[in-house]
Every structure is written in structure tokens, then in C-alpha cells.
Amino acid sequence: MTAIDRFVAWWFRPIDISCFEWTRVLLAIACAGYFVGGMTDLSVWFGDAGWLRTDHVAGFLRLADLSSEAQTSISALFLTDRSWGYCLHLIIGCTLSVLWVLPMAGKHRSWIGAILWLCVAMWANRLLWVAGWSDKVLSMSVFVIALAGMRPRSSFEAFAVRLFACQTTCVLAMTTATMLAWDVWWDGTGSVALAANTGNRVLDLTGWLTIRPWFYEGITHALIVVPILGLMLLWTGPGSQVQRNLGTGALISWCVCVALLGNHWLLGLVIASGILAVRACRCQLVTPAGTDN
């Protein structure tokens, strides 16, 4: 078997995705939370004096000479400034998020996923500079998983699952590299800096985190080491059940910690769903009888 054959087989060989089902569930929860979060400050951004009203956006782009850069942000929501239109879009997005994981969706799940991705992409594009890294990662992730549902139990689905796994690996690697670019992640105060922004958070853990220097310093360095160690456990070696459990548990714990400390719930959910895709890639391959896995 040549290297090219092995490469093609890895990308397109059907796999047992029984451990992949929760990926769609976590992404659906992330989408629902994303749309609900949009409803909470709808009037602030899109009200009569909202910063993101189309006339305000157009004026800012002209003054800043950014009109050409904004041409890639395509969204039907630019056609209206009616609050009820935005609210309706968010309600439809929440409804599709729920329908996407219901058993009754059946053969229509792929189309529900595709429309859900359009809702996410249009909302993220309408937010323009307010949309952050989490919005983009969510949009890319929903797109890939919607592709996976187009042809269930096929090589196309296997390709989409592995693509999502590689995407998540790149996101984790880039996140870790970005953290290492800041001095606070070297001097042990990174976890405190992550928890210091207390605006619009559900839990403020700053006081609890700073009870002892060794405590927050240990968490800081763990937040750097765990993604690297977890990815190594999932991607390297024979991929035994114990190894997969350790790698998955370490990375999911990292997502929970980042979500709690930094209030990055959306990013944590999306990365956690991708970690399950990585695990699915390392699960036993669906192979013909008598062949090696």
C-alpha cells in the first residue's frame, strides 16, 4: 500500500461514528446559546441609535475607507433595520438548533443543518467587527458537520468528520500559540488575566483563583500544557481506549476551565465538539472482515 493510498484511505475510509453523535449535540447547544445571546443586546446594537444600524455602518466604513474590506461580509440582514426582523432571524436559528438534534429530523437533518449554518453565517457577517474568533469557528464547524450529514455512513461523511477533527486541532494549536505570545502565560498570571474581565460573565472566579500564588500559577501552566498533551494522546500511538479516554478527558477539562475562567462558553463548546470528532477519527475503523484496522 503506497503512501498516497494510505493518505486517501485515511481521509475517505468509512469509520464507526458512534462516538461522534455528541458532536452535533454540542454544536446545536452552542448555536442555540449564540442566538439567545444575540437577543439579549439586540436593542443596543440595532436599535434607533444602535452602533450596527446600516446607516451607521455605511458612514463608518466610508470615513475609515474600509468599504472594500467589508464586501466579503454578505448577509441578507443588511436589507433591514427592523428589530423584529433580527428577532425573527434569531428565533428561527434557535428553532433550527433544536430540530437539528431531534430524532424526528431523520432524513431532513442535513437540510436543517445547512439552513442553520446559513443563519449562523448571516448573523456573524451582520455583526461585522463585533463578531470574534468564536463566531468564525462556530460558523466553520456547523458548515463541516452539515456536510457530514449530507451522505450518512459514507466516505463523504468520513471525510467531513476528519476535516472537522483537523480543523479543531489547528484551532487548539493556534490558541495555544497565541497564549504563548503573551508574557502573562510565562510568568504564571495568565489564568488571573483570563478571569479578570468580569463584564457580562455568569461566574466571577477571580477571588477564588487568587487564594494562593501556586494555585493560579499551576492552572496557568496547565492551560498551556494540557492542549499539547491531549492532542498527542489522541493523535499519536496505537490509539488504545485508555489513551483516547485520557486525551479526550484532558481536552474537555481544558474547555471547561477556559469557559469558566474567561467566560468563553461558545468557544469552549465548539472546541469540545471538535475534540469528539478527533476521538471519532481514532476509534475503530469500519473495515471489511479479515483486514486490519
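Note that these values count all heavy atoms, side chains included, but never hydrogens, waters or copies made by symmetry. None of these values were measured; they are calculated from a predicted model.
In this structure, Trp254 and Ile271 have side chains that are in contact, with non-hydrogen atoms separated by less than 4.5 Å. Here the side chains of Trp22 and Arg279 are not in contact, with every heavy-atom distance at 4.5 Å or above. Ser253 is not listed as a side-chain neighbour of Val226, based on a closest heavy-atom distance of 4.5 Å or more. No side-chain heavy atom of Leu251 sits under 4.5 Å from any side-chain heavy atom of Leu233. Side chains of Thr220 and Thr189 form no contact here, defined as non-hydrogen atoms less than 4.5 Å apart. Side-chain atoms of His264 and Leu194, non-hydrogen and from C-beta on, do get closer than 4.5 Å to each other. In this structure the side chain of Val144 never reaches within 4.5 angstrom of the side chain of Arg162, judged on heavy atoms. In this structure the side chain of Thr2 never reaches within 4.5 angstrom of the side chain of Phe7, judged on heavy atoms.
Expressed to the nearest 0.5 Å, how far OG of Ser83 lies from CG of Leu88 amounts to 12.5 Å. Note that CG of Leu128 and CG of Leu52 are 6.5 Å apart. Values are rounded to the nearest 0.5 Å. Distance CG/Leu116 to CD1/Ile92: 11.5 Å, rounded to 0.5 Å. If you take CH2 on Trp117 and OG on Ser141, they are separated by 12.5 Å, rounding to the nearest 0.5 Å. Interatomic distance, OH of Tyr86 versus OG1 of Thr80, reported as 6.0 Å (0.5 Å rounding). A distance of 9.5 Å separates CG of Leu79 from OG1 of Thr54, quoted to the nearest 0.5 Å.
No continuous path of hydrophobic side-chain contacts links Val36 to Leu42 [ILVMFWY only; heavy atoms under 4.5 Å]. Each of Val256 and Ile228 belongs to its own hydrophobic cluster when Ile, Leu, Val, Met, Phe, Trp and Tyr are linked at side-chain heavy-atom distances under 4.5 angstrom. Under the 4.5 Å side-chain contact rule for hydrophobic residues, Trp100 and Ile91 share a cluster. Cluster annotation: Val225 is not connected to Tyr216 through the hydrophobic network of ILVMFWY side chains, with a link wherever side-chain heavy atoms come within less than 4.5 Å.
At distances below 3.5 Å, not a single donor-acceptor pair connects side-chain atoms of Ser139 with backbone N or O atoms of Asp135. Remark: side-chain polar atoms of Arg24 are not paired, donor with acceptor, to backbone N or O of Ile145 under 3.5 angstrom. A distance-only check finds no donor-acceptor pair linking the side chain of Asn125 to the backbone of Met122 [under 3.5 Å]. Remark: side-chain polar atoms of Thr176 are not paired, donor with acceptor, to backbone N or O of Ile224 under 3.5 angstrom.
Closest of all the heavy-atom pairs between Leu96 and Ile115 is CD1-CG2, 3.6 Å. The two residues Ala30 and Leu266 have their closest heavy-atom pair at O-CD1, 3.5 Å. Scanning all heavy atoms of the two residues, the minimum distance from Phe164 to Val270 falls at CZ-O, 4.3 Å. In terms of heavy-atom proximity, Met174 sits nearest to Trp133 at CE-CH2, 4.1 Å. Heavy-atom minimum distance, Leu77 versus Arg126: O-NE, 3.5 Å. For the residue pair Val142 and Gly113, the shortest heavy atom distance occurs at CG1-O, 4.1 Å.
A perpendicular orientation is assigned to the rings of His89 and Phe35, their planes being inclined by more than 60° (bins at 30° and 60°). Ring orientation note: the planes of Trp123 and Phe46 are tilted relative to one another, at an angle of 30° to 60°.
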Take Asn263 and Trp265, measure what side chain to side chain donor-acceptor pair (under 3.5 Å) needs, and give me the verdict at the end.
-> CA-CA 6 Å; Asn263 202 36; Trp265 296 95; 2.9 Å; yes
Apply side-chain contact (heavy atoms from CB on, under 4.5 Å) to Leu27 and Leu138, showing your working.
-> CA-CA 8 Å; Leu27 273 183; Leu138 176 64; 4.2 Å; yes
Would you sort out whether Glu217 and Val192 count as a side-chain contact (heavy atoms from CB on, under 4.5 Å), showing the intermediate values?
-> CA-CA 9 Å; Glu217 288 175 359; Val192 179; over 6 Å; no
Start with the C-alpha distance between Met179 and Val184, add both sets of side-chain angles, then the distance that settles side-chain contact (heavy atoms from CB on, under 4.5 Å), and finish with yes or no.
-> CA-CA 8 Å; Met179 292 164 70; Val184 292; over 6 Å; no
Given side-chain contact (heavy atoms from CB on, under 4.5 Å), test Leu90 with Cys94 step by step and report yes or no.
-> CA-CA 6 Å; Leu90 295 174; Cys94 288; 5.5 Å; no
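The environment of Trp182 atom CH2 is sparse: at most 12 non-hydrogen atoms of other residues, nucleotides or ligands sit within 6.0 angstrom. Counting heavy-atom neighbours within 6.0 Å of Trp11 CH2, excluding the residue itself, gives a total above 12. By the 6.0 Å contact criterion, CE on Met232 is open, its count of non-hydrogen atoms from other residues, nucleotides or ligands being 12 or less. The 12-atom threshold is not exceeded at CD1 of Ile4, counting heavy atoms of other residues, nucleotides or ligands nearer than 6.0 Å. Atom CH2 of Trp186 has 12 or fewer neighbouring heavy atoms from other residues, nucleotides or ligands inside a 6.0 Å radius.
For Trp185 and Asp183, the side-chain atoms include no donor-acceptor pair closer than 3.5 Å.
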